[in-house]
Amino acid sequence: MNDDGLRCGCAGATVWFTGLPGSGKTTIAQALGDALRERRHRVKILDGDPRYATLPTGLARDDPHRHTERIGLAAEVLARNGFLTLVSAPGPAGRAAVRRRHEASGTPYVEIHLDAPRAVCAKRRPTGEETGHTAPAPTPPPDEAYEPPADPDLRLITHHMSITQTAAAVYALLVDKGAVRSRCPADGNASRGAPWPVKGSWLCRDFGSVP
């Protein structure tokens, strides 16, 4: 379905997922996106992982700060125009500049830290063979370079939570901040009072090998 047809009248916002490679950024963004679309929100997902990228990633290694700012610019423009933009961010470089850009334009910005131990994340990362690459799958900069945010809007310990629980926690935060409505008039579930979509096989999924 075309995102342009998913109009519920709610405000746009950027949801910025940050965490170590393997913490679940891409997986949670996709699950949350599915749920929001079911409730007729306009959703865009921007992924900084080279394997799932929705924007050019040539700068990811050479200039990670500029790469993050480029993703942040795209997210801010989309959010300012009414999209709930879910970003699976690369590393820490440029994160502060992205927040400042959103603050300057008055665009809602929510930072989610998906927190999982390095050992757990390493086990989740698929190999080149698993992803269909003839060479090892592309990887982001070393984990040691990652700096967790000091004061995120929400910190989730993903290795103790299912995909459903994690996505639902982010959804609840968006409701609390007014980015989405708990009873959206355009939502088919609203008349039944359902606070969380029940369709989709992702509701039964748990963390295994995730990006």
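We use all heavy atoms of the structure for the numbers below, so side chains are in, but hydrogens, waters and symmetry mates are not.
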Which heavy atom of [X] sits nearest a heavy atom of [Y], and at what distance?
X    : Y    : answer
I163 : A31  : CG2-CB, 3.7 Å
M161 : Q165 : CA-OE1, 3.3 Å
P149 : R155 : O-NH2, 3.3 Å
P21  : C121 : O-CB, 3.1 Å
A79  : T107 : CB-CG2, 3.5 Å

Donor-acceptor under 3.5 Å ([X] side chain, [Y] main chain):
X   : Y    : answer
K44 : L86  : no
K25 : V87  : no
R39 : V180 : no
T18 : H113 : no
N81 : V77  : yes
E38 : A35  : no

side-chain contact (heavy atoms from CB on, under 4.5 Å) between W16 and I112: does it pass, once the steps are laid out?
-> CA-CA 6 Å; W16 193 274; I112 311 295; over 6 Å; no

Short side-chain donor-acceptor distance under 3.5 Å, [Y] and [X]:
X    : Y    : answer
E76  : S105 : yes
R100 : Y109 : no
R95  : T68  : no

Legend entry - Cluster overlap I45 with L174, hydrophobic side-chain contacts below 4.5 Å: yes

To the nearest 0.5 Å, what is the distance between [atom1] on [X] and [atom2] on [Y]?
X    : Y    : atom1 : atom2 : result
T26  : L114 : OG1   : CG    : 10.0 Å
T14  : R80  : OG1   : CZ    : 10.0 Å
L46  : F17  : CG    : CZ    : 12.0 Å
R101 : E69  : CZ    : CD    : 7.0 Å
T166 : I28  : OG1   : CD1   : 4.5 Å
H102 : L73  : NE2   : CG    : 9.0 Å

Step by step, would you call T158 with V120 a side-chain contact (heavy atoms from CB on, under 4.5 Å)? CA-CA 10 Å; T158 58; V120 172; over 6 Å; no

Start with the C-alpha gap between H160 and I157, add the side-chain angles, then the distance that decides, and say whether side-chain contact (heavy atoms from CB on, under 4.5 Å) holds. CA-CA 6 Å; H160 291 319; I157 311 300; 3.6 Å; yes

Could you walk me through whether L32 and Y171 pass the side-chain contact (heavy atoms from CB on, under 4.5 Å) check?
CA-CA 7 Å; L32 180 62; Y171 184 92; 4.0 Å; yes

(Q) I'd like to know if K177 pairs up with D153 as an ion pair, taking the criterion as any Lys NZ or Arg NE/NH1/NH2 lying under 4.0 Å from an Asp or Glu carboxylate oxygen. (A)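 Looking at D153 together with K177, the answer is yes, because their closest N to O distance falls below 4.0 Å.
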
